[in-house]
Amino acid sequence: MQYLYSDRIAVIIGDITKLEVDAVVNAANSKLMGGGGVDGAIHKAGGPDILAECKKIRETQYPGEEGMPAGNAVITTGGALPAKKVIHTVGPVWNGGAKGEKGVLGKAYNSCLEIASKEGVKSVAFPAISTGVYGYPKKDAALVAYYAVKKFLDINKYPEMVYFVFIDKKDADAFINAIDED
């Protein structure tokens with residue numbers, strides 16, 4: 001684990017579905033019905049209770065075909081996960097950077113943190129939102145993520161601890177290097 005900001009932000013290597021934190025963030029798709037990557041892993045490990053709550057959210061808050069807009073976030077149970085809650089957010093699809101992707105990605109992180117703060121979540125773990133199949137360049141995404149979280153923590157008590165979680169050392173090092181080089 002490497003701390004990045006006054007012992008409130010840390011980078012760790014591991015499986016987000018096995019972390020004992022108050023909440024994990026799910027890099028969801030707009031349908032909130034599970035999918036591939038982190039989204040599929042969280043739904044699989046967390047079991048049917050997460051999907052049941054996602055279905056209710058879709059019916060009540062986002063009933064249209066479009067689903068939840070990118071940048072928004074919602075919270076559900078953690079189901080069978082060690083984490084008590086899952087905060088689902090939709091990141092932007094990378095389209096070259098000229099279509100507001102940076103702002104939407106920052107909003108996704110901020111929306112998750114606002115929910116965490118409101119719910120009194122003390123510890124939250126983020127994956128690298130939008131850097132998988134959505135194609136957001138990892139270095140650019142790292143800077144957006146880090147500065148969005150840092151800015152939020154500067155003025156909020158909760159969450160007390162934020163983890164950026166990577167499945168391997170290569171991606172964790174790339175994240176840290178992006179911050180160090182900026």
Side-chain angles (χ1 to χ4, degrees), residues 9 15-94 100-136 141 144-153 155-165:
I9 299 175
D15 181 344
I16 200 166
T17 68
K18 296 184 182 341
L19 295 180
E20 294 184 17
V21 293
D22 289 344
V24 295
V25 172
N26 180 18
N29 61 51
S30 63
K31 305 295 183 208
L32 299 176
M33 297 294 122
V38 171
D39 190 15
I42 286 173
H43 275 272
K44 182 178 179 183
D49 292 344
I50 296 172
L51 183 59
E53 285 190 30
C54 284
K55 285 181 179 179
K56 286 180 187 172
I57 289 166
R58 279 299 313 273
E59 290 169 8
T60 59
Q61 295 179 42
Y62 301 106
E65 181 62 32
E66 302 82 31
M68 186 168 74
N72 290 17
V74 294
I75 192 167
T76 67
T77 180
L81 295 171
K84 298 173 190 110
K85 298 287 184 179
V86 177
I87 302 172
H88 307 263
T89 191
V90 180
V93 173
W94 181 256
E101 294 96 315
K102 181 178 179 181
V104 175
L105 184 59
K107 182 181 177 196
Y109 280 95
N110 200 58
S111 295
C112 292
L113 292 165
E114 286 174 357
I115 288 173
S117 183
K118 180 181 172 192
E119 296 284 327
V121 168
K122 291 182 179 178
S123 57
V124 62
F126 281 95
I129 298 168
S130 286
T131 62
V133 296
Y134 284 11
Y136 208 109
V144 172
Y146 175 73
Y147 288 113
V149 170
K150 182 180 177 298
K151 182 178 178 181
F152 190 89
L153 295 181
I155 57 173
N156 291 280
K157 179 179 177 180
Y158 291 107
E160 294 173 351
M161 189 68 209
V162 174
Y163 299 97
F164 288 108
V165 183

Side-chain heavy-atom pair Pro82, Val21 within 4.5 angstrom cut-off: no
Any side-chain heavy-atom pair from Leu113 and Tyr158 closer than 4.5 angstrom? no
Before you tell me yes or no, could you show the steps for Glu65 and Lys31 under salt bridge (charged side-chain N to carboxylate O under 4.0 Å, His left out), namely the whole-Å CA-CA distance, both residues' side-chain angles and the distance that decides it to 0.1 Å? CA-CA 8 Å; Glu65 181 62 32; Lys31 305 295 183 208; 3.4 Å; yes
I'd like to check Val165 versus Pro127 (side-chain heavy atoms, cut-off strictly below 4.5 Å). Are they in contact? no
For Thr131 and Ala128, indicate whether the former's side chain and the latter's backbone hold a donor-acceptor pair under 3.5 Å. yes
Would one find more than 12 heavy atoms of other residues, nucleotides or ligands at under 6.0 Å from atom NZ of Lys102? no
Under the side-chain hydrogen bond (donor to acceptor under 3.5 Å, both in side chains) rule, collect the residues that match up with Gln61, sequence neighbours excluded. none
Is the closest side-chain donor-acceptor distance between Lys107 and Asn72 under 3.5 Å? yes
When rounded to the nearest 0.5 angstrom, what is the spacing between CG in Leu105 and OH in Tyr136? 5.0 Å
So, the side chain of Arg58 versus the backbone of Glu53: is there a donor-acceptor pair under 3.5 Å, distance only? no
So which atom in Ala141 and which in Ile129 form the shortest heavy-atom distance, rounded to 0.1 Å? CB-O, 4.5 Å
Which atom pair, heavy atoms only, marks the closest approach of Ala73 to Ser111? CB-CB, 3.7 Å
Between OG1 on residue Thr89 and CG on residue Asn29, distance to nearest 0.5 Å: 11.5 Å
Less than 4.5 Å apart, any side-chain heavy atom of Ile87 and any of Val74? no
Within this structure, what is the NZ-CD distance for the pair Lys85 and Glu119, rounded to the nearest 0.5 Å? 6.0 Å
Carefully, step by step, assess Lys157 and Lys122 under the rule side-chain contact (heavy atoms from CB on, under 4.5 Å). CA-CA 9 Å; Lys157 179 179 177 180; Lys122 291 182 179 178; over 6 Å; no
Spacing of Glu114 atom CD and Asn156 atom CG [to the nearest 0.5 Å]: 8.5 Å
Does a side-chain heavy-atom distance below 4.5 Å link Ile57 with His88? no
Identify the heavy atoms of Gly79 and Asp49 that sit nearest to each other, and give their distance. CA-CB, 4.3 Å
Step through it carefully: locate the ring centre of Tyr109, locate the ring centre of Phe126, and say whether they are under 6.0 Å apart. yes
First locate atom CZ of Phe152, then atom OG of Ser117, and finally report the distance between them rounded to the nearest 0.5 Å. 4.5 Å
At their closest point, which heavy atom of Val144 faces which heavy atom of Gly106, and how far apart are they? CG1-N, 3.5 Å
Under the 3.5 angstrom rule, does the side chain of Ser130 hit a backbone N or O of Val93 as a donor-acceptor pair? no
Heavy-atom side-chain proximity of Val86 to Leu81 below 4.5 angstrom: yes
Does any non-hydrogen side-chain atom of Val124 lie less than 4.5 Å from one of Cys112? no
Any side-chain heavy atom of His43 sitting closer than 4.5 Å to one from Pro48? no
Looking at Lys84 and Asp22, is there a salt bridge between them, counting it only when a charged N and a carboxylate O are closer than 4.0 Å? yes
Can you name the closest pair of heavy atoms from Gly34 and Asp39 and give their distance? C-OD2, 3.3 Å
Work out which heavy atom in Pro159 is nearest to a heavy atom in Ser123; give both atom names and the distance. CB-N, 4.5 Å
From Ile42 CD1 over to Asn26 CG, what is the distance, rounded to the nearest 0.5 angstrom? 4.0 Å
